[in-house]
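Contents: one structure, followed by commentary.
In what follows, every heavy atom counts, from backbone to side chain, and hydrogens, waters and symmetry copies are set aside. Each chain gets a letter, A, B and so on, in the order the sequences are listed, and its residues count up from 1.
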Amino acid sequence: MPAADDARDKSQDFIRDIVAADVRAGLAGGTVVTRFPPEPNGYLHIGHAKAICLDFGIAEEFGGYCNLRFDDTNPVKEDVEYVDSIKDDVRWLGFAWHDREYYASDYYERLYHYAEQLIGKGLAYVDSLSADAIREHRGTLMSPGKDSPHRTRGIEENLGLFRRMRAGEFPDGAHVLRAKIDMRSPNITMRDPVLYRIRHAEHHRTGRAWCIYPMYDFAHPLSDAIEGVTHSLCTLEYVDHRPLYDWVIAHTDTPGRPRQYEFARLNLSYTVMSKRKLLQLVEQKHVSGWDDPRMPTITGLRRRGYTPASIRDFCARVGVAKKENVIDVGLLEHCVREDLNRRAPRAMAVLRPLKLVLANYPEGQSEDMNVVNNAADPSAGTRKVPFSREIYIERDDFLEDPPKKFFRLAPGREVRLRNAYLVTCTEVIKNAAGEIVELRGTYDPATRGGDAPDGRKVKATLHWVSAAHAADAEVRLYDRLFTTEDPDGLAAKSAVDITTLLNPASLEALGGCKVEPMLAAAAPGSRYQFERLGYFAADPDGKAGAPVFNRTVSLKDTWARVAGQT
RNA sequence: UGGGGCGUGGCCAAGCGGUAAGGCGCCGGCCUUUGGAGCCGGUAUUCGAAGGUUCGAAUCCUUCCGCCCCAACCA
């Protein structure tokens, strides 16, 4: 057996095991149909990415289909802005739904028909209790509920009332349609769940055509059935709803027989994932918008510089199981580093410039150094980078009084300027306050390119930018959005608002950064590795000649760790 | 105090009666014109706990403990 088959046979997760078994058993003619069912009431985040990779991934692997279905049954919360962003994000992640773009609202007429069918079977009734009264009748976790006085209404009366609900004869809240199941069920979901409510509201797709709207528990299983979905994958909080899902399917003459399976949602350390909380951050301006590079939204990650491939890889590594989890954000960072290391062209940029003047380099002279764009990718080619007498190096790369393990530049010490020359620091110039303002040094003309003919070695290689040729840039450094690993948990435990746990240092904008000439016109979205610093993506805020870069993620930094240990 | 889900190393996660995969992290070493990348090695005598069944248990049984979800005319 070839290795590929071997890998395919290996169990990947419990859901794929189930699907594989169903396919073997010849279920639904062997064609697997899944669906990704977002409600268009917010932007997609990395948690949705996990679901998207699962839904579309399984369809792809088993040669089936995945429908993009908007679960738009609540007109007051939904908007086209969100359906557009969701489509953008799914597409950007690399998945195609082809012509399978569906809306629960497209099924309103059929859904209504199924509702009448239930009424006709005596399995649904119109209740005229107030929302409060319904809640009271529902009972509690510990005690059973009580039947509504309207539970015994006759079929004809129910039908008449329901039709008048649809006709708009009643105000919001006057009546609801309920399933007649069991008010004493230990599973509260089964205590005569509401199927339809009256909402005189404008729907983003159906306008004013309807004033009654189906509830999730009714619309979802039926939409699945209508579309021929075979495997309806959702998160753990719906486990209790599965009996109702099956009940709806069992009591209507639907075409398909979809099955629901549940997996644990993704949680990421140092951030929050609920749409409500993300919306709060946006509305209260704690971030610049849904696409703020600190947000765990797909659009935020995109602006931050994450690649679709890295997010897909992350989702694959995280796995699918039923255990509550909090994934270390470090894993996500690892995934982008790995991807960008392969594909990002290198560039030189100095974030906190310190001028170094090479006394023995002729004034007014400059030369083009030949530089490899990406050692990890020969096809990336080479480029010219200008070098001259005055250059900028990183302030952090010089220490007047270096500790033992610091082997960058220091007085009297020789280091390599990457792809250029070996240079030695000969003098430190300070201002009246005693701050270092400039360095003087010499270069060794025999070391052009960075190698010494006599074979002498240096411990450090520094990145640099020629002062005369440099472009100015703004660079935005990001840190975790929250100061604590589990903001949700801490906020709940200590009864504080989530915003009190925000990291005040999550954004640091650096002005006056010096970047090599080629970066001056970086196209928004283009990604680079700034050598020795990290991966950066050009932000749309930048303009030609005045670029803005977002740090996607830093490079692994052994020195930072060593320095931090002391 | 009802119903449901879950408990395998710091974080994920395989395993499904035959004697603890893998990834991230971490710790060493090699290599290096990015203290990057790469390469090599190490990192659970033990699977929430206690009993029991068995030649043999993370896997079966019993009891207990812990965490999460459910009482929107939200999804």
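- You won't find any donor-acceptor pair under 3.5 Å spanning the side chain of A/Arg532 and the base of B/G35, going by distance alone.
- Sequence neighbours left out, the pairs with a member in residues 451-461 of chain A that pass salt bridge (Lys or Arg N to Asp or Glu O under 4.0 Å) are A/Glu414-A/Arg456, A/Asp444-A/Arg456, A/Asp454-A/Arg456.
- For A/Arg138, a side-chain nitrogen or oxygen approaches OP1 or OP2 of B/C73 to under 4.0 Å.
- The shortest distance between the side-chain N/O atoms of A/His463 and the OP1/OP2 oxygens of B/U34 is not below 4.0 Å.
- B/A37 shows a glycosidic angle more than 90° from 0 and is accordingly assigned anti.
- One finds a side-chain N or O of A/Lys323 lying less than 4.0 angstrom from the OP1 or OP2 phosphate oxygen of B/A13.
- Taking the P atom of each, B/G9 and B/A21 are spaced 14 Å apart, rounded to whole Å.
- Applying a 4.0 Å cut-off to non-hydrogen atoms, none of the residues of residues 258-271 of chain A approaches RNA chain B.
- A/Trp210 and A/Tyr112 have tilted rings, their planes meeting at an angle from 30° to 60° on a 0 to 90° scale.
- Dashed line: the shortest gap from a side-chain N or O of A/Arg135 to OP1 or OP2 of B/A72 is under 4.0 Å.
- Straight-line distance between the P atoms of B/U59 and B/U54: roughly 16 Å, to the nearest whole Å.
- The side chain of A/His334 sits closest to B/C24 out of B/C24, B/U1, B/G36.
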Check nucleotides 67-69 of chain B against the protein and report each pair of N or O atoms closer than 3.5 Å, with its distance, or say if there are none.
from	atom 1	to	atom 2	distance (Å)
B/C68	O2'	A/Glu324	OE2	3.3

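- Judged by closest nucleotide on RNA chain B, A/Pro186 is the one of A/Pro186 and A/Arg242 placed further toward the 5' end.
- Checked against ring-ring contact (aromatic ring centres under 6.0 Å, His included), A/Tyr535 has no partners two or more places apart in sequence or in another chain.
- Phosphate proximity of B/G3 to A/Arg184: absent, as no side-chain N or O sits under 4.0 Å from OP1 or OP2.
- Both tests do not hold together for A/Arg35 against A/Tyr102: distance to the six-membered ring centre under 6.0 Å, angle to the ring axis within 45°.
- Annotation: side chain to side chain donor-acceptor pair (under 3.5 Å) contacts of A/Ser466 (sequence neighbours excluded): A/Ser388.
- Minimum atom distance to the side chain of A/Lys322 is reached by B/C6, of the listed B/U34, B/C6, B/C74.
- Here A/Arg199 reaches the OP1 or OP2 of B/C74: one of its side-chain N or O atoms lies under 4.0 Å away.
- Among residues two or more places apart in sequence or in another chain, the ring-ring contact (aromatic ring centres under 6.0 Å, His included) test is passed with A/Tyr114 by none.
- Listed nucleotides B/A71, B/U8, B/A75 differ in distance to A/Thr73; the shortest reach to its side chain belongs to B/A75.
- In this structure, the nucleotide among B/U34, B/C70, B/C6 sitting nearest to the side chain of A/Ile188 is B/C70.
- Closest to the side chain of A/Glu39, out of B/G35, B/A75, B/G15, is B/A75.
- Comparing B/A75, B/A71, B/A14 by their nearest atom to the side chain of A/Asp71 picks out B/A75.
- For the OP1/OP2 pair of B/G35 and a distance below 4.0 Å, the side-chain nitrogens and oxygens of A/Lys405 include no atom meeting the criterion.
- Atom CZ of A/Arg395 is surrounded by more than 12 heavy atoms from other residues, nucleotides or ligands within 6.0 Å.
- Annotation for A/Arg265: atom CZ does not count as buried by contact number, only 12 or fewer foreign heavy atoms lying within 6.0 Å.
- Under the stacking definition used here (centres under 5.5 Å, planes under 30°), the residue A/Tyr216 fails to qualify as stacked on the base of B/A75.
- Comparing B/G2 with B/C61, their C1' atoms are spaced 26 Å from each other, to the whole Å.
- Cation-pi geometry between A/Arg205 and A/Tyr103 is met: the NZ or CZ atom falls under 6.0 Å from the ring centre, inside 45° of the normal.
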